[in-house]
Amino acid sequence: MRENERVTQTTRQPETPAAGIPPRLIATDLDGTLLRDDKSVSPRTVAALAAAEEAGIEVFFVTGRPARWMDVVSDHVHGHGLAICGNGAAVVDLHGGPGAHRFVKVRDLARENALDAVRLLREAAPGTVYAVEQTYGFYQEPDYPKLHMEIPDNLAPAEDLLADDGPGAAEPVLKILAYHPSIDPDTFLTLSRLAIGDRANVTRSSPSALLEISGPDVSKASTLALCCAERGISHEQVVAFGDMPNDVEMLTWAGQSYAMGNAHPDVIAAASGRTVANNDDGVAVVIERMLERL
């Protein structure tokens, strides 16, 4: 989940490793990757995605966004219609269109683990405030800033929101969001991972100090691996794209991976190749070149 701020843009040309095993699946992040900064999907990108599907290559959107924010790409799903949302916490069928999506797979964050994460991070970084993302509901603490342009279903301390009898007790917790008003974002991520340990998986996709905390083994990479295994697709047959720390595991796992020209340094280090920025249709550039080689 990103805000509308931008990471440093560059105009360098794509670095495209020589193709080995023919690709069978494209896995792409959305914000800062497939989407331009105005949250649009360019005509060139729409055409590239359609051409990939026509060539028999499946396309998976793999994002930190919740399912209810997927209307931005719901018109561009082909074939299977599936997307991986919440950094791997859910696999969603988008065929029904906005508001009619269906959860195919849910990999939730146990409330006990979530409460441990909140407690440990409160101790390590005083001033942290929280929100709770569930399958359909969104809840937050009163001091949590208005970051997501939506009205929360309930306002209460995180401990109450995550209680067994809390306001969203009937729904699985997909992730909790932790925001700090003054700590450097990368410092906050490192500090949080050390404090929380193996109780949860901590990452970030925002340029601000906003962390996303999921189940211990939940990531874009692990859920994508499950979806690929169900299709008999190996990691060598996957081409992945991303721009922020929540994409690192996926880019490391995929046989070919591309950091966007606007990517975080950790993403550039993790990827096997690099393309131009999201505003320059970096995903489409690689797909077009890839299809020329088939």
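Atoms considered below: every heavy atom in the structure, side chains included; atoms not considered: hydrogens, waters and symmetry mates. Everything numeric in this text was worked out from a predicted model, so none of it was measured.
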Full working for side-chain contact (heavy atoms from CB on, under 4.5 Å) between E150 and R68: CA-CA 11 Å; E150 61 185 319; R68 65 184 179 278; 2.8 Å; yes

List the steps and the verdict of side-chain contact (heavy atoms from CB on, under 4.5 Å) for L211 and L189. CA-CA 7 Å; L211 305 182; L189 178 59; 4.1 Å; yes

Evaluation steps, side-chain contact (heavy atoms from CB on, under 4.5 Å), between I57 and L291: CA-CA 10 Å; I57 303 171; L291 294 178; 3.9 Å; yes

side-chain contact (heavy atoms from CB on, under 4.5 Å), that's the test. Do F60 and T223 meet it? Break it down for me. CA-CA 11 Å; F60 263 69; T223 301; over 6 Å; no

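Listed by chain and number, the residues in a side chain to side chain contact (heavy atoms under 4.5 Å, CB included) with R36 are D38, S40, S42, N279, D281 (sequence neighbours excluded). Residues satisfying the side chain to side chain contact (heavy atoms under 4.5 Å, CB included) test with A117, not counting sequence neighbours, are I176, I196, I213. Remark: A124 engages L191, A195 in a side chain to side chain contact (heavy atoms under 4.5 Å, CB included) (not counting sequence neighbours). Under the ring-ring contact (aromatic ring centres under 6.0 Å, His included) criterion, F188 pairs with H180, not counting sequence neighbours. Residues passing the salt bridge (Lys or Arg N to Asp or Glu O under 4.0 Å) test with E159 are R122, sequence neighbours excluded. Residues satisfying the side chain to side chain contact (heavy atoms under 4.5 Å, CB included) criterion with I233, sequence neighbours excluded, are R24, L25, E58, C228, R231, Q237, V238.
Side-chain atoms of E212 come within 3.5 Å of backbone atoms of S205 as a donor-acceptor pair (strictly under, hydrogens ignored). With hydrogens and angles ignored, the 3.5 Å screen pairs no side-chain donor or acceptor of H264 with any backbone N or O of P245. Between the side chain of E171 and the backbone N or O of G137 there is at least one donor-acceptor pair closer than 3.5 Å. With S257 contributing its side chain and A254 its backbone, the two residues share no donor-acceptor pair below 3.5 Å. A donor-acceptor pair under 3.5 Å links the side-chain atoms of N262 to the main chain of N278, judged by distance alone. Here the side chain of Q134 pairs a donor or acceptor atom with the backbone of G168 at under 3.5 angstrom. For Y130 (side chain) and V118 (main-chain N/O), a donor-acceptor pair under 3.5 Å exists by modelled atom type. With E141 contributing its side chain and A158 its backbone, the two residues share a donor-acceptor pair below 3.5 Å. Remark: the backbone N or O of D186 is paired with a side-chain donor or acceptor of D184 at under 3.5 angstrom.
For the pair V173/Y139, no side-chain contact is recorded, criterion being any heavy-atom separation below 4.5 Å from C-beta on. Between I26 and M290, some side-chain heavy-atom pair lies under the 4.5 Å cut-off. Looking at heavy atoms from C-beta onward, L174 lies out of side-chain contact with P66 at the 4.5 angstrom threshold. Between P216 and D198 the shortest side-chain heavy-atom distance does not fall below 4.5 Å. Using a 4.5 Å heavy-atom cutoff, the side chains of W69 and T63 are not in contact. In this structure the side chain of V92 never reaches within 4.5 angstrom of the side chain of R102, judged on heavy atoms. The side-chain heavy atoms of C227 and L82, taken from C-beta on, include no pair separated by under 4.5 Å. For the pair V285/R44, a side-chain contact is recorded, criterion being any heavy-atom separation below 4.5 Å from C-beta on.
Remark: the N201 side chain and the S214 side chain contain no N/O donor-acceptor pair separated by less than 3.5 Å.
Heavy atoms only, all atoms of each residue included: M260 and G32 are closest at CG-O, 3.7 Å. Residues A259 and A271 approach most closely at N-CB, 3.5 Å, considering heavy atoms. When all heavy atoms of A163 and A169 are compared, the pair lying nearest together is O-CB, 4.5 Å. When every heavy atom of A209 is checked against every heavy atom of P185, the shortest pair comes out as N-CG, 3.8 Å. Across all their heavy atoms, I183 and A125 have their closest contact at CD1-CB, 4.0 Å. The minimum heavy-atom distance linking K175 with L109 is given by the pair CA-CD2, 4.4 Å.
Note: the hydrophobic cluster containing Y144 does not contain L162 (ILVMFWY, side chain heavy atoms under 4.5 Å, direct or indirect links). Hydrophobic cluster membership differs between V132 and Y136, with clusters built from Ile, Leu, Val, Met, Phe, Trp and Tyr side chains linked at under 4.5 angstrom. The hydrophobic cluster containing V218 does not contain F61, counting ILVMFWY residues as joined when their side-chain heavy atoms lie under 4.5 angstrom apart, directly or transitively. One hydrophobic cluster, built from ILVMFWY side chains closer than 4.5 Å, holds both I287 and V46. Each of L120 and V202 belongs to its own hydrophobic cluster when Ile, Leu, Val, Met, Phe, Trp and Tyr are linked at side-chain heavy-atom distances under 4.5 angstrom.
R65 CZ to L35 CG: the interatomic distance, rounded to the nearest 0.5 Å, is 5.5 Å. From T28, atom OG1 reaches atom CG of D243 across 9.0 Å, with rounding to the nearest 0.5 Å. For the atom pair CG (L155) and CG (D160), the distance works out to 12.0 Å, reported to the nearest 0.5 Å. A distance of 11.5 Å separates CG in L224 from NE2 in H235, rounded to the nearest 0.5 Å. Summarising the geometry, atom CG belonging to N87 is positioned 11.0 Å from atom CE belonging to M244; distances are rounded to the nearest 0.5 Å. Interatomic distance, CD1 of I21 versus CD of E236, reported as 4.5 Å (0.5 Å rounding).
Summarising the hydrophobic clusters (Ile, Leu, Val, Met, Phe, Trp, Tyr; side-chain heavy atoms under 4.5 Å, direct or chained), the residues clustered with I151 are none. Side-chain contacts under 4.5 Å among hydrophobic residues (ILVMFWY), followed directly or transitively, place L226 with no other residue at all. Under the 4.5 angstrom side-chain criterion for Ile, Leu, Val, Met, Phe, Trp and Tyr, L194 has no cluster partners at all. Alongside V248, the hydrophobic cluster contains L251, V267 (criterion: ILVMFWY side chains under 4.5 Å).
Within 6.0 Å of atom CD in E123, more than 12 heavy atoms from other residues, nucleotides or ligands are found, so the atom counts as buried in its surroundings.
The list of salt bridge (Lys or Arg N to Asp or Glu O under 4.0 Å) pairs with a residue in residues 217-228, not counting sequence neighbours, reads D29-K220, K220-D247. Note on residues 105-117: pairs passing salt bridge (Lys or Arg N to Asp or Glu O under 4.0 Å), not counting sequence neighbours, are K105-E230, D116-R119, D116-R199.
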